[in-house]
Amino acid sequence: MPASPATTTRIHDSLDGALARRRVVLWYDPSGEWAEDFDNYQPKAVEKLRVEGNEFSVKVAISRAALDQRFLLYLPIAKPPEPDNWLLDLLLAGHEFKADRASLDIQEAGLTLEFKELAQQHKAFFLSSVRTSKLKDLLRPNDDHAAVRLKMLAVLAKQQPDIDKLLLHVFAQLKDPANPEGADPVEALYGNAQLSRSFWKFVEEKFGYNNPEPKLSDFAVALFNTVSSIGSKGFLQPHARVFLSIWKDSLSNREAFEAWSDHLSVVLRIEDQLNNAPADFDPSGDDSYELIERFVLSRLVQGFAAGCSDEELLATIRSRSQSTWLGKHLHGYQAIEQAISLRSLLEKADLQIESFDAGLAGYTNTWWRLDQAYRCCVFHARTYQQPGLLKPLRDWLENQYVNNVLLPLTNRWSDQVARQAEWKSDLLPRQKEFHMRYVHAPLSSKGLKRLFVVISDALRYEAARDFADRLNCQAGKGWQAQVDALLGCLPSYTQLGMASLLPGVQLSLDPTSGSALVDGQSASGTDNRDKILKAYAKGRATAIVSEDFLNLPINGEGQALTRDNDLIVIYHNRIDRIGDKRESESETCQAVETAFVDLDQILRKIASLKGNQVVITADHGFLFQQEPVDANDKAALPPADQLTYKNRRFALGDGIEPMAGQKIFSAQALGLRGSWSAVFPLGLDRFPRSGSGSRFVHGGTSLQEVVVPVIKLKRERKDESRPVDVELLGLPAKITGSRLTFSLFQTEPVVAKKRLPLLLRIALYAKADGALLCAPATERFDSEASEPRERQRQVILELSNASDRYDNQLLELRLEEILEGVATPNTYKSVELKLQRPFGSDFEDF
């Protein structure tokens with residue numbers, strides 16, 4: 001029966017491949033079934049010879065032929081035993097071609113006859129010429145049966161021939177590990193080619209997993225039990241820890257890891273075990289399950305409430321810094337960190353106020369940090385959206401901030417305010433001096449051609465310090481920030497605050513509408529302020545709202561803006577717009593963080609317009625507490641002939657009678673024109689006002705309302721910052737045990753804008769093939785300590801069992817720098833070490 005056209009083509013192609021590799025190819029065909037295919041085969045530059053009793057003449061012809069002449073010998077006989085084979089020398093030097101399917105398969109793949117049984121066992125694999133071709137590309141001359149099967153597994157999975165990568169692939173195939181009807185991905189991938197057993201054999205060799213009926217779910221249980229600090233003790237080899245580290249670090253496989261972890265946390269009842277964990281249970285850096293992250297956070301909240309030391313709590317938080325679940329729980333940790341900061345600040349704070357200027361000095365030097373820690377803690381707690389978990393922390397926070405910060409500070413400050421005959425200070429310039437000091441003076445100098453001024457509504461002093469610190473700590477941002485303070489005007493509200501920042505001589509208020517005027521001209525709204533600025537700068541100034549500024553194209557309108565103006569004032573309103581409404585005042589802390597994002601975008605836009613100097617200021621600050629205001633903090637409006645304008649924190653009118661807990665200033669005492677007076681509730685008191693919020697307020701006399709920030713920014717011409725350097729200490733020349741211990745020394749302290757923190761991933765790799773041989777360690781070098789010994793850290797790397805095959809070979813200790821937003825770390829330093837275990841380790845104990 002003649003062969004099919006497809007089979008004939010395959011035979012001829014296989015003959016072409018065999019003749020390309022060998023000068024002489026022998027084809028034994030005892031049944032003569034392939035005679036027609038031999039006759040039909042028409043190769044180029046190949047002589048076909050039929051051998052039937054003419055062995056001697058064939059050998060003579062071949063020996064006399066040119067060395068580049070190829071021969072195909074067809075022998076319609078069974079291959080004789082070697083002692084009786086006249087063509088044995090040709091056979092040994094050449095290639096025996098076989099036309100049975102298994103032989104064709106191995107020849108097409110470039111394998112030798114010793115792999116015929118392998119081809120017969122896995123014949124389904126070779127049915128595809130594409131798979132066979134891909135396998136051929138992977139094969140190497142010294143590959144044994146195991147190596148070939150591993151590469152067959154890799155071809156089927158479309159992965160590299162590495163059992164770790166193949167395991168990652170099969171784990172990713174099961175989208176829902178909890179679904180009992182889900183198909184076994186190992187069997188689905190490899191069952192048809194009879195390679196499932198081979199897959200599990202490789203897993204057994206590397207992980208020590210031995211099960212007569214292996215399953216992916218059973219292996220997953222053994223894997224997580226081996227690596228995790230909670231649950232039954234697993235039995236797998238140390239490489240399990242390396243594999244889980246690879247799995248968690250793989251961005252493409254992270255989703256599969258999280259799905260399996262969540263599934264196994266239910267199957268293994270991890271939550272019950274954590275609930276019953278002893279008090280001294282410490283998971284350290286274990287991030288096998290997200291439940292461990294929740295457990296650590298819960299313990300931190302409990303520890304904080306129980307009075308655990310700052311050092312202990314912060315050490316626990318640092319131990320979670322590289323957790324795979326950190327992104328989901330970062331705000332929880334940051335809320336706890338800010339609570340720790342507030343507690344530490346409170347322990348050191350002395351809120352006594354001896355004079356008006358002493359109060360201003362105390363706030364601008366240190367007390368603002370209390371407001372900042374509270375605001376940041378509220379922001380992170382609200383963003384984390386776990387009110388049940390953080391309730392003890394939030395209750396403590398609110399109680400401490402209101403009772404031990406706001407109340408004593410505002411009350412003692414109010415005592416000094418009550419003694420003031422005029423609203424002025426010898427320490428801080430008045431807000432009215434802003435324009436002369438920070439706008440007119442620099443613009444009048446020869447070195448400055450253009451100035452950008454950003455006025456951010458309700459950007460209070462502590463928030464400005466926070467924003468400036470963030471700029472100063474970020475390398476490559478291009479801005480150097482310095483913060484000054486002004487004594488804000490009274491009443492501390494938008495209309496007057498905005499007018500105080502404009503050029504002009506005389507400020508006045510309409511006591512009926514609350515609107516402000518500069519030299520008799522209205523300062524309400526961007527258009528009116530633009531007119532005042534243009535008059536000052538003889539047309540070369542403009543006022544623009546931040547949204548319009550950010551929407552300006554760089555070319556065209558953006559270039560015209562900078563060409564036609566020496567002074568560009570940008571009005572930004574995020575915090576006041578959100579906080580000064582009853583329905584959104586609870587989002588004040590989020591609004592501050594969003595304002596930082598806005599300001600950063602504004603600075604980027606200014607830089608793109610080649611702006612080099614910027615001043616950021618505010619019209620006023622604010623008082624804020626997240627929880628509703630206590631009823632005792634509500635003050636009654638005082639008797640008066642008339643109160644023409646009423647606000648939560650002030651009222652304007654005539655004939656106002658003094659009451660306890662209130663302060664009255666005349667317009668002249670406030671530096672304003674008019675015959676009216678203003679009354680302010682002291683401390684935390686608010687006047688009643690229907691329809692308005694009470695948690696976010698301004699207009700009054702508190703330090704948080706009246707200390708106004710001025711951020712002076714200059715673009716840095718050259719970024720000279722760099723990460724700190726780290727050196728290896730105590731590193732041996734050889735590794736003789738199952739662990740490598742050494743130290744890393746941070747050679748210099750971290751300095752803002754100059755010497756930046758360095759995040760390193762530390763691991764051992766095989767020099768020969770790059771195999772990872774330990775669970776990587778991650779260390780962040782961010783010490784600001786001046787004492788060198790405080791900047792040294794010990795590192796211990798545990799070698800996995802996979803390192804056994806590299807004994808007496810070179811390993812590479814690699815330190816890789818992890819960069820924000822970059823998936824692949826950069827090599828920072830690397831050192832070669834020899835793995836040389838003593839011969840005694842090969843013997844068992846007697």
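Fair warning: this is a prediction, and the values are worked out from it, not measured in the lab. Positions are given from 1 along the sequence.
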So which heavy atom on [X] is nearest to which on [Y], and how close?
X	Y	answer
Arg755	Val750	O-CG1, 3.2 Å
Ile292	Pro283	CG2-CB, 3.8 Å
Ala193	Leu156	CB-CD1, 4.0 Å
Gln159	Leu166	CB-CD2, 3.8 Å
Arg299	Ala277	NH2-O, 3.6 Å
Leu799	Pro238	O-CB, 4.2 Å

Can you tell me how far the [atom1] atom of [X] sits from the [atom2] atom of [Y], to the nearest 0.5 Å?
X	Y	atom1	atom2	answer
Leu314	Tyr333	CG	OH	13.0 Å
Lys734	Leu740	NZ	CG	14.5 Å
Ser217	Leu174	OG	CG	8.5 Å

Is a donor on one side and an acceptor on the other found under 3.5 Å between the side chain of Ser800 and the backbone of Ala802? yes
With a 3.5 Å distance limit and no angle check, can you tell me whether Asn253 reaches the backbone of Ala256 through a side-chain donor-acceptor pair? no
Using distance alone, with no hydrogens and no angle criterion, decide if [X] and [Y] have a side-chain donor and acceptor under 3.5 Å apart.
X	Y	value
Ser265	Glu271	no
Ser743	Gln794	no
Ser228	Asp286	yes
Glu293	His329	no
Tyr289	Asp262	no

Using a cut-off of 6.0 Å, state whether more than 12 heavy atoms not belonging to [X] lie near its atom [atom1].
X	atom1	answer
Lys248	NZ	yes
Asn192	CG	no
Gln160	CD	no
Gln836	CD	yes
Arg269	CZ	no
Lys134	NZ	no
Glu114	CD	yes
Arg21	CZ	yes

Test side-chain contact (heavy atoms from CB on, under 4.5 Å) on Leu729 and Leu744 and set out the steps. CA-CA 6 Å; Leu729 300 178; Leu744 290 174; over 6 Å; no
Flag side-chain contact, heavy atom, 4.5 Å: [X] against [Y]:
X	Y	value
Met152	His122	yes
Tyr384	Leu389	yes
Val267	His263	yes
Ile163	Phe199	yes
Leu216	Leu167	yes
Tyr209	Leu223	no
Ile230	Leu274	yes
Val221	Phe224	no

Positive for ring pair (Phe, Tyr, Trp, His ring centres under 6.0 Å) with His12, one of Tyr41, Phe97, Trp34, Trp27: Tyr41
Show your working on salt bridge (Lys or Arg N to Asp or Glu O under 4.0 Å) between Lys206 and Asp164 and close with a plain yes or no. CA-CA 9 Å; Lys206 198 160 191 179; Asp164 287 343; 3.4 Å; yes
Would you call Asp782-Arg793 a salt bridge at under 4.0 Å N-O? yes
Charged N to carboxylate O under 4.0 angstrom, Lys215 versus Asp184? no
Test log, rule salt bridge (Lys or Arg N to Asp or Glu O under 4.0 Å), inputs Arg22 and Glu96: CA-CA 10 Å; Arg22 292 289 190 272; Glu96 181 183 357; over 6 Å; no
Full working for side-chain contact (heavy atoms from CB on, under 4.5 Å) between Thr112 and His95: CA-CA 9 Å; Thr112 58; His95 174 76; over 6 Å; no
Walk me through whether Phe257 and Phe171 qualify under ring pair (Phe, Tyr, Trp, His ring centres under 6.0 Å). CA-CA 8 Å; Phe257 167 76; Phe171 272 123; 9.7 Å; no
Return a table of donor-acceptor pairs under 3.5 angstrom between the side chains of residues 756-777 and protein atoms on other chains or two or more places apart.
from, atom 1, to, atom 2, distance (Å)
Arg761, NH1, Tyr765, OH, 2.8
Arg761, NH1, Glu816, OE1, 3.2
Lys767, NZ, Glu832, OE2, 3.1
Asp769, OD1, Ala771, N, 3.1
Asp769, OD1, Tyr806, OH, 3.1
Asp769, OD2, Tyr806, OH, 2.7

Apply side-chain hydrogen bond (donor to acceptor under 3.5 Å, both in side chains) to Ser783 and Gln746, showing your working. CA-CA 8 Å; Ser783 174; Gln746 178 184 324; 4.8 Å; no
For side-chain contact (heavy atoms from CB on, under 4.5 Å), just list the numbers for Leu815 and Leu728, CA-CA rounded to whole Å, side-chain angles, deciding distance to a tenth of an Å, and then say yes or no. CA-CA 10 Å; Leu815 278 60; Leu728 290 152; 4.3 Å; yes
